[in-house]
Amino acid sequence: MNKLHYIDNLLQEFVDKDIVGCGCVVTKNGELMYEGYYGYADREQKVLMNDRSIHRLYSTTKVIVCTAAMLLFERGKFLLNDPLHLYLPEFKDMKVVHTSPNGNVNIQPAQNPILVKHIFAMTSGIPYEWGESKTHQELSKLTGNLSKQGPYTLEQLIQEIAKAPLLFEPGTRWAYGYSHDIVARLVEVISGLTIEQFIGQELLDPLQMNDTGYRFKNDVQARLVPLYELNASNELAPAWARGDENFEPTAIYNGGGLGIYSTPRDYTKFAQMLANGGVSGKHQIIGKNTIDLIRSNQLNTAQLADFNNPYTAGYGYGLGVRTLLDPTAAHFGGSIGEFGWTGMSGTYAVIDPEEQLSIVYMHQRIPNMEVEHHLRLRNVVYSCL
């Protein structure tokens, strides 16, 4: 019995309960297994969700950026255990925040350098600015002052971030943050191209991902899905419509942790390539062994405690991706080493080289319903195999 209709039923339930619209594409063994779109792309304009609807990826950008960086690793341009300051001198002689049991805060020189692998694995000690620690406060001040000066580049952001004291000694803990923006800047310094140019040449163009990018082109803006969020009346309302200044052709910031748009069908070209051992058509985009390295857990016991929550239970973290370590703890009968990531607006990617399977799901909502939607979708898709 074909069970794919259970995916249809689930997506319709999502739309009926929680979201305006969504899209999902699943591939197996290099072939399309499922594609479905439900609800509206733009409810107010009565535009139905379809295969050309453009979504903000937010943090699902990270998988593309880290994969692009690992192409340079394959070419011998850096080693994972290189000190980061060999390429980005602003990260030399970092300082670390220490908080004593009585709450006193002091800042001391770091005992060890940030290594390249730390920025891939989010163990650099550089979080986002949302928090109460001295590190968070300094980052908030630095990025806030930068924003007040007007538009800024990735290089300018990284130079400011490097001025903040680290949240912890490099390599000792895990904290979600700006590390992948630093990965993107590493790519720029080594390649001599912007991260937008490098990703375009090395991934988007070879994979013919024509509906993916950092900047509006052709009719992309007209197809951008509004981002919905709960208003004061607890109803879904558009937060942003079809405009987004970060995607404008005149914008100068290219992010590593966010900043790319795509469609489920287009992102699937990338995810399917990784699921198929780096091969797309007749082209070997990235090596199979490199993919295995990307999805290898980089975290020790203490770092896993920082990383794990109900959504990531049973997973570790590799070079820019979550990776399945323990199906029992994940409450999921998947393959060891299944990997991917999630975006703030509800985008979701699952890549499983053992099954040669990819799942790409997208909606545009904040909060993103990741626990409620993604894990159910994952389980239903795997039941169809």
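Just so it is clear, the model here is predicted, and its values are computed rather than measured. For this chain, numbers begin at 1 and follow the sequence in order.
- Side-chain atoms of Asp211 and Thr263 form no donor-acceptor pair, as typed in the model, at a separation below 3.5 Å.
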Please evaluate residues Cys66 and His180 with respect to the criterion side chain to side chain contact (heavy atoms under 4.5 Å, CB included), reporting the C-alpha separation (whole Å), side-chain torsions for both, the decisive distance (0.1 Å), and the verdict.
CA-CA 7 Å; Cys66 289; His180 294 167; 3.7 Å; yes
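- From Phe270, atom CZ reaches atom CE of Met209 across 7.0 Å, with rounding to the nearest 0.5 Å.
- Considering CZ of Arg322 and CZ of Phe339, their distance stands at 9.5 Å, rounded to 0.5 Å.
- Interatomic distance, Met94 CE to Gln108 CD, rounded to the nearest 0.5 Å: 15.0 Å.
- The shortest side-chain heavy-atom distance between Asn300 and Gln303 falls under the 4.5 Å cut-off.
- Between Gln221 and Glu248 the shortest side-chain heavy-atom distance falls below 4.5 Å.
- Note: Tyr267 and Trp341 fail the aromatic proximity criterion, with ring centroids not under 6.0 Å apart.
- Taking the side chain as every heavy atom from C-beta outward, Ile286 and Glu74 approach each other to under 4.5 Å.
- Here the shortest heavy-atom pairing between Asp42 and Pro226 reads OD2-CG, 3.6 Å.
- Using modelled atom types, one finds no donor on one side chain facing an acceptor on the other under 3.5 Å when comparing Gln272 with Ser358.
- When the ring-ring contact (aromatic ring centres under 6.0 Å, His included) test is applied to His373, the partners found at least two apart in sequence or on another chain are Phe14, His363.
- Side-chain contact annotation: Glu370 with Asn368, donor-acceptor N/O pair under 3.5 Å present.
- Using a 4.5 Å cut-off on side-chain heavy atoms (C-beta onward), Leu375 and Phe332 make no contact.
- For the atom pair Tyr361 OH and Ile7 CD1, the distance stands at 12.5 Å (nearest 0.5 Å).
- Within the 3.5 Å criterion, the main-chain N or O of Ile195 finds no donor-acceptor partner in the side chain of Arg185.
- Side-chain contact check for Tyr178 and Glu129: at least one donor-acceptor pair (N or O, by modelled atom type) lies under 3.5 Å.
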Evaluate Leu293 against Phe73 for side chain to side chain contact (heavy atoms under 4.5 Å, CB included), listing each step before the verdict.
CA-CA 11 Å; Leu293 178 59; Phe73 170 84; 3.8 Å; yes
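- For the atom pair NE2 of His118 and CH2 of Trp174, the computed distance is 14.5 Å after rounding to the nearest 0.5 Å.
- Of all non-hydrogen atoms in Ala175 and Pro127, the two that sit nearest each other are CB-CB, 4.4 Å.
- In this structure, the side chain of Asn29 does not engage the main chain of Glu31 through any donor-acceptor pair within 3.5 Å.
- In this structure a side-chain-to-backbone donor-acceptor pair under 3.5 Å is missing from Gln356 to Gly30.
- Val96 and Leu167 fall into different hydrophobic clusters, defined by Ile, Leu, Val, Met, Phe, Trp and Tyr side-chain heavy atoms under 4.5 Å apart, directly or through other members.
- Between the side chain of Ser262 and the backbone N or O of Asp266 there is no donor-acceptor pair closer than 3.5 Å.
- Between Ile294 and Leu274, every side-chain heavy-atom pair lies at or beyond the 4.5 Å cut-off.
- For the pair Ala68 and Ile199, the tightest heavy-atom approach, listed with the atom from each and the gap, is CB-CG1, 3.8 Å.
- Residues Ile182 and Trp130 share a hydrophobic cluster, clusters being chains of Ile/Leu/Val/Met/Phe/Trp/Tyr side chains in contact below 4.5 Å.
- Here the CG-OG1 distance, from Leu146 to Thr153, works out to 8.0 Å after rounding to the nearest 0.5 Å.
- Looking at heavy atoms from C-beta onward, Ile114 lies in side-chain contact with Leu166 at the 4.5 angstrom threshold.
- By the 6.0 Å contact criterion, NZ on Lys217 is enclosed, its count of non-hydrogen atoms from other residues, nucleotides or ligands being greater than 12.
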Asn254 vs Phe198, side chain to side chain contact (heavy atoms under 4.5 Å, CB included): CA-CA, chis, key distance, verdict
CA-CA 11 Å; Asn254 299 315; Phe198 188 82; over 6 Å; no
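- Inter-residue side-chain proximity for Val15 and Cys22 is flagged as met; some heavy-atom pair is nearer than 4.5 Å.
- Ser140 places no side-chain N or O within 3.5 Å of a backbone atom of Gln137 that could act as its donor or acceptor partner.
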Checking side chain to side chain donor-acceptor pair (under 3.5 Å) for the pair Tyr40/Gln45: CA distance, chi angles, key distance, verdict?
CA-CA 9 Å; Tyr40 289 106; Gln45 298 299 319; over 6 Å; no
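- Side-chain atoms of Ser233 never come within 3.5 Å of backbone atoms of Glu235 as a donor-acceptor pair (strictly under, hydrogens ignored).
- Taking 4.5 Å as the limit, every side-chain heavy atom of Val65 sits out of range of all side-chain heavy atoms of Phe120.
- When atom types are taken as modelled, the side chain of Lys269 and the backbone of Gln208 share a donor-acceptor pair closer than 3.5 angstrom.
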Before giving the answer on salt bridge (Lys or Arg N to Asp or Glu O under 4.0 Å), spell out for Lys134 and Glu138 the whole-Å C-alpha distance, their side-chain angles and the decisive distance to 0.1 Å.
CA-CA 6 Å; Lys134 179 67 173 176; Glu138 289 299 312; 3.2 Å; yes
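- For Arg295 (side chain) and Asn297 (main-chain N/O), no donor-acceptor pair under 3.5 Å exists by modelled atom type.
- Residues passing the side chain to side chain contact (heavy atoms under 4.5 Å, CB included) test with Asn309 are Tyr311, Thr312, sequence neighbours excluded.
- Proximity of a side-chain donor or acceptor of Asn81 to a complementary backbone N or O of Lys117 within less than 3.5 Å is not detected.
- Neither side chain, Tyr214 nor Thr194, offers a donor N or O lying under 3.5 Å from an acceptor on the other.
- Using a 4.0 Å cut-off between a side-chain N of Lys or Arg and a carboxylate O of Asp or Glu, Glu202 and Arg75 qualify as a salt bridge.
- Looking at Asp326, its side chain does come within 3.5 Å of a backbone N or O of Thr328 through a donor-acceptor pair.
- Counting only N and O atoms by type, the side chains of Tyr253 and Asp181 include a donor and acceptor under 3.5 Å apart.
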